[in-house]
Every structure is written in C-alpha cells, then in structure tokens.
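None of these values were measured; they are calculated from a predicted model. Ligands are counted one by one from 1 in listed order, and the atoms in each one are counted from 1 as well.
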Amino acid sequence: MITIALSKGRIFDETLPMLEAAGVRPAENPETSRKLILSTNRDDVRLVIVRASDTPTYVQYGAAEIGIAGKDVLLEHGGEGLYQPLDLGIAKCRLMVAVRKGFDYRKAIQQGARLRVATKYMYTAREHFAAKGVHVDLIKLYGSMELAPLVGLADAIVDLVSTGGTLKANNLEAVEEIRAISSRLIVNQAALKLKGDVVQPLLDAFSAAVSRG
Ligand code: PRT
Ligand code: MG
C-alpha cells in the first residue's frame with residue numbers, strides 16, 4: 001500500500017488532475033467527507049488528509065510514502081528524511097515582507113532600527129533578515145498575520161501573497177520578496193528504496209503531468 005499525504009483546499013484541488021493523470025481517483029471528496037483516509041480506485045494507493053504544515057512530518061516518519069507540500073512548509077520543516085524530486089508548479093505564491101501603507105520600511109532598516117516582525121515562518125524569516133543584516137524581533141503567529149501591523153503588534157509581517165487582495169483589503173503593502181513558492185512532491189527516502197516498484201511509476205506519472213502543463 002502506498003499512502004499519499006496532502007492537505008485539503010488549494011493543494012488538493014490542484015493535485016486532483018495530476019492524480020488523475022497518474023491513474024489515481026479518490027473515492028470521495030475531502031471537502032464534503034469527514035474521513036481522513038480516502039481510498040482510491042487503486043487497491044494499492046490511498047490518500048490521507050492532513051494539515052498543510054504537517055505533511056512533511058507524515059512523510060518523514062514514513063506514515064505516508066509520498067506527500068505534496070508547499071515550499072514554504074518544507075523550508076520551515078527542514079526537509080529531513082525527504083526527497084523533493086519534483087516541483088509541481090501548483091499553489092504558486094510569493095513569500096513577502098509587508099508593512100502598513102505609509103510605514104517607511106527602507107528607512108527603518110537603513111537606520112538600523114530593530115524591527116518587530118510577526119510571522120508563522122520563524123525559520124525562513126530569521127534566515128532572510130540575518131542574511132540582510134537587519135535586526136528583528138520575531139513574533140510567532142499561527143494565522144491572520146495581516147492583523148499584526150494594524151493593531152501595533154508588529155512593524156512588519158512575513159506571509160504568503162498570491163493575488164495581493166488580502167494585503168490590499170487591510171491597507172498593507174508588500175515591500176520585499178523573500179522567495180517564490182510552489183508545491184513540491186516529497187518522498188520518504190527509505191520508501192523510494194524499499195517500495196520503488198510502486199513509488200517510482202507514480203513519480204514518473206506526476207513528472208509527465210507537470211511537463212504536459
Ligand atoms: O489553513 P491551515 O492553517 O491549515 O494551513 P495553510 O494556510 O498553510 O494551508 P492552505 O491550504 O491555506 O495552504 C497550503 C499551501 O498553499 C501553503 O503552504 C502555500 O504553499 C500555498 N499557498 C498558495 C498559499 C497561498 N497561495 C495563499 N495565498 N497559502 C496561503 N495563502 C494565504 C496567505 O497566507 C494570505 O493569508 O492567502 C492569503 C493571501 O492571499 P491573497 O490572494 O489575498 O494574496
Ligand atoms: Mg489557510
């Protein structure tokens with residue numbers, strides 16, 4: 001049995017056509033089902049529905065042989081025990097620094113001010129500002145980062161931006177791009193060796209689906 005871990009929402013939606021191309025059709029829609037383990041048309045493949053940020057953990061420990069996770073999540077996880085053989089080019093967005101409109105970010109960092117930055121991406125944010133030599137106090141949040149600068153919790157946030165609609169609606173603006181993000185296929189390193197006969201054809205099918213676009 002091969003278990004594929006993925007999260008509901010945008011990753012599931014954009015993965016479905018690739019699963020289809022790999023000959024895997026889930027028996028149920030996770031958005032309407034409450035089941036966390038979904039069987040598929042294939043006896044030897046099942047899906048497990050996990051929190052987006054938990055996907056690498058399931059694959060790292062071999063509870064799932066394969067997973068699909070955002071690069072943002074993989075950077076925070078560290079990638080231990082995982083292969084990341086394929087950029088699926090889905091769930092694309094950008095990891096950005098954003099501030100309240102009117103806050104002079106360049107001036108603040110030029111003056112060497114200590115910035116307060118709210119984020120759920122503690123590791124990536126720390127690396128980014130350290131590389132720039134900007135002094136920051138990081139404040140860990142689990143969601144709704146956009147609120148922090150509006151209520152004086154932070155000067156800036158590090159968060160994902162796709163359309164920019166959320167920043168705009170909250171009177172914020174992006175001032176720096178940290179990196180482009182997309183979702184990656186991840187594979188448990190041991191599983192590729194031990195179950196390669198089933199895992200490798202699935203990887204090849206995903207790879208072909210990506211090339212077709
Ligand atoms: O929701 P939950 O807390 O369980 O986890 P999650 O938010 O990490 O999961 P989910 O399913 O929302 O996102 C899964 C993955 O999709 C992320 O890890 C990213 O790799 C990718 N992705 C792509 C995004 C976005 N685009 C995105 N826009 N994840 C989140 N957002 C959020 C962003 O954080 C911000 O709050 O959408 C808002 C901004 O969107 P725009 O369109 O207004 O700019
Ligand atoms: Mg979300």
Query raised in the report: Atoms of ligand 1 less than 4.0 Å from Lys8 heavy atoms?
Result: 11 (O)
Report task. Mark the output for Cys93 as yes if a heavy-atom distance to ligand 1 is under 4.0 Å, and as no if none is. Result -> yes
Query raised in the report: Taking only heavy atoms of Val161, which atoms of ligand 1 are found under 4.0 Å from at least one of them?
Result: 44 (O)
Query raised in the report: Gly164: heavy atom below 4.0 Å from ligand 1, yes or no?
Result: yes
Query raised in the report: ligand 1 versus Ser162, non-hydrogen atoms closer than 4.0 Å: side chain, backbone, both, neither?
Result: both
Query - Glu146 N/O to ligand 1 N/O under 3.5 Å - result: yes
Requested in this report: With heavy atoms of Val73 as the reference, note each atom of ligand 1 found under 4.0 Å away.
Outcome: 18 (O)
Query - Backbone or side-chain N or O of Ser183 under 3.5 Å from ligand 1 N or O - result: no
Query raised in the report: Looking only at heavy atoms, is any part of Ile181 under 4.0 Å from ligand 1, and if so is it the side chain, the backbone, or both, or is it neither?
Result: side chain
Report task. Look only at interatomic distance and state if Gly70 has a nitrogen or oxygen under 3.5 Å from any nitrogen or oxygen of ligand 1. Result -> no
Query raised in the report: So, is Thr166 polar-close to ligand 1, with some N/O to N/O distance under 3.5 Å?
Result: yes
Report task. Say whether Arg46 and Ser39, considering side chains only, have a donor N or O and an acceptor N or O under 3.5 Å apart. Result -> no
Query raised in the report: Does Lys120 approach ligand 1 within less than 4.0 angstrom via side chain, backbone, both or neither, non-hydrogen atoms only?
Result: side chain
